[in-house]
Amino acid sequence: MINISETAHKPNLQSTEPDVLAAEIIDRLTYSVGKDRSVANNNDWLQATILVTRDRTIDQWMESTRETYRTEGKRVYYLSLEFLIGRLMRDAVTNLGLMDPMREALKSLGVEFDVIAEMEADAALGNGGLGRLAACFMESMATVGVPAFGYGIRYRHGLFSQRIKDGWQQEYPETWLEHGNRWEFDRRESAYEVGFGGSVSFEENGEGKYTWHPAERVIATAYDTPIVGWKAERINTLRLWNAEPVDPIRLDAFNRGDHIGSLHQSNRADALTRVLYPADTSEAGQALRLRQEYFFSSASLQDILRRHHQQYETFDNLPEKVAVQLNDTHPAVCVAELMRLLVDIYGLEFGKAWELTTGTIAYTNHTLLPEALESWPVPLFEGMLPRNMQIIYEINARLLKSARNEHGASDDAIREISLIDESGERRVRMGNLAFVGAHSINGVSELHTDLMKQTVFRNLHEMFPDRINAKTNGITPRRWLTQCNPGLTSLISDTIGREFQDDITLLKELEPYADDAAFQEKFAAAKRENKVALSNLVRERMGLSISPDTMFDIQIKRIHEYKRQLLNIIEAVSLFDQIRSHPEKDWVPRVKIFAGKAAPTYHNAKLIIKLANDVARVINADPTVRDILKVVFIPNYNVSLAEMLVPAADLSEQISTAGMEASGTGNMKFALNGALTIGTLDGANVEIREQVGEDNIVIFGLTAEEVAEKRANGYDPRELIAGSPELSQALRAIASGVFSPDDPHRYRDLVEGLYSHDWFMVAADFDSFSEAQREVDALWNDPSVWRNKTILNTARMGWFSSDRTIREYSRDIWNVPL
Ligand code: 26V
């Protein structure tokens, strides 16, 4: 027998010596990547470096798992159809405390850390805010010590990549797995069957038992990625599911000569996890989307229940030991699925199962937009998930009886509360299902939470007045300050010490320096350095030169009418006209920068991208405004691009129609990095104003209440536009083809929409926005005032750390002690 000593083959995983790291990198390059040093390219070095970094997570990862088991700690499961992660290497290396030695190790091998870091694929398994929040939460849960698992789908194609051709958005498939994914572990042993379709039978033996006989089955297999918290004190798991066929090939069919048919099952499984839905509003109930939702919900719950049962051999304590957080309604079918598993598979009584379900599940709402509130046609739902549908009817029967008998609900209230929408074709309301199946329903800012109570969930809130609560979003300061803005980070460290990295609220200690001329200079210099880097990127990618000495005015987010990129573009057109009429005035030089993707089927959003590009072309070619105004639309916005843009911004555009942006999180990233915000009183802007102080943010426009009031009592945009000479002129120019001479009518309908209904109140807010912009100019003209305000923004934004948000979830929703 060979005696293997414990340490014989183990590299020294505790060492942070550059030469030890360098030796490990060479080892990995040779034995895992299979390349010789002399022929290795940058991608090979990247793969080897990721593997070395990943090795450093394993011991603590296992220790985190063992500790939760040993202490019988409560586990939090964050279920999200989206995780917008971006790159992981900088994050993992920073949090492991290896940044400096790793740089040095690579340097000794002739490799630049920043160069290979740039080559890592940007994991875009999400559309926007909701997916990025899930990624920030994963990092914060590990940081503050929550034993958490993220569950989602391992899409083989993330969000499409965007190219701009002649000003129009074109979508191309995204291929983040092209070079493999060295962060993940393929867990073949963690596999579950998920069924679809078929029928339900009932046997009358004692209590009676329902059995689902699915017509189709697929296997869910797990891929695990370690998520490293700050200083690697805890390492959690992100578990993403892949769908596989039960029989990869039907040999009977193949042998009969039916070569296509023999792969039918395989192709259906394959389609399930192939691609992320690229829209953030529903496109009339697509079956594949519901299949994705059920697939990952069922696999995750089976995994959760198996783990729980293995440890405790009972479900009586499920709510004490398990918290399931639903990220929007996308996993709302969990309510019915958890019931099905507890009742049909584990044999619990319906009432008991319901108590455990509502005690375990909590739901976060991220939007009030009616077109984003999910509902499924009953026939589609019933055909795909017949047993889940029965359970939903049973829940609904109990719910409506209680509403009527115990809460005296009116017929109108009953109609609103019901899990089934009967206003047209019958549909299952996923928001209502999530609400009744959860013990906590949270909004993502104070304002959004209030509006939830007044609008979508008015009647349910009356029935369950203790369930709705506010949890204002946050962002992880590791990615969104330390990693993306090393210049500012080292200035802060030199000024107040490094402790702010452990407790971001210590940024407050910068306040006394806000008026300090020397500090102001350094703060501005750090900003300028980031602007130089962004100018270089714009030159390299777009062949356009922008000066780092002009104001960088940035709006980056998904393109949506309610986010009002259109308002910003119209204001740019108006400014363009004003500058040309009065070139002698002392204009503040600005570059207006846009980036963002439009849902492929969202016609107006794509037209707004085209308009931004048309306006940019004309303005950037005009000799009068040269050096005063430029407009840039940077293609293919993603997390990595945001990491360049956020630190380089002077002005942050957060200008949604009040009442429509649930929170916003980009707003937080900019302010933390020392940009001034121009914004409406919407979402978390309201709380940003509270934190930074009203002198340090520029607010304009209607309030949510005023918007609602105007919509209710009749709003006539035509009259308003007629009363605003600047707005009328800008609209006339756009509608008449000044920016689209090749197709003069291109924007006629878009502009006509503003005259006829203007649902998003662009006209109503235009003059106020334009005045606010001139106020911004005035502040910019006094550098010491500008610097003072932007420093105070950085100093006062610590509250928006997602660590704070996660502590609130832990205390108020999950009941996890920290
Ligand atoms: C909805 C749908 C509907 C079905 C098709 C696919 C799909 C994908 C995503 C969504 C949800 C959109 C909701 C969303 O992203 N909300 C954003 O959440 C952020 C984090 O809470 C918040 O900061 C933003 O204000 C909010 O718009």
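This structure is a prediction, so every number in the text was calculated from the model and none was measured. In listed order, ligands and their atoms are each counted from 1.
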Pairing of Asp91 and Arg87 as salt bridge, 4.0 angstrom limit: no

Near Gly664, which atoms of ligand 1 are under 4.0 Å from a heavy atom of that residue? 22 (C), 23 (O), 24 (C), 25 (O)

Which part of Val444 is near ligand 1, with near meaning a heavy atom under 4.0 Å away: side chain, backbone, both or neither? side chain

Side chain, backbone, both or neither: the part of Arg132 lying under 4.0 Å from ligand 1 by heavy atom: neither

Identify the residue among Thr476, Asp803, Leu481 that makes a side chain to side chain contact (heavy atoms under 4.5 Å, CB included) with Ile504. Leu481

At under 4.0 Å between heavy atoms, which part of Thr364 makes contact with ligand 1: side chain, backbone, both or neither? neither

Nitrogen or oxygen of Tyr277 less than 3.5 angstrom from that of ligand 1: no

Under a 4.0 angstrom heavy-atom cut-off, which atoms of ligand 1 come close to Glu82? 8 (C), 9 (C)

Just jot down the ring pair (Phe, Tyr, Trp, His ring centres under 6.0 Å) partners of Tyr363, sequence neighbours excluded, or say none. none

Please name the residue in the list Asp650, Ile554, Thr677, Asn793 that meets the side chain to side chain contact (heavy atoms under 4.5 Å, CB included) test with Phe670. Ile554

Atom indices of ligand 1, in the order listed, that fall short of 4.0 Å to a heavy atom of Ala662: 25 (O)

Value for CD1 (Ile392) from CG (Asn396), rounded to nearest 0.5 Å, stands at 9.0 Å

Where's the contact between Tyr562 and ligand 1, heavy-atom distance under 4.0 Å: side chain, backbone, both or neither? side chain

Test of proximity, Arg289 against ligand 1: N or O pairs below 3.5 Å: no

With respect to Asn127, determine whether any N or O atom, backbone or side chain, lies less than 3.5 Å from an N or O atom of ligand 1. no

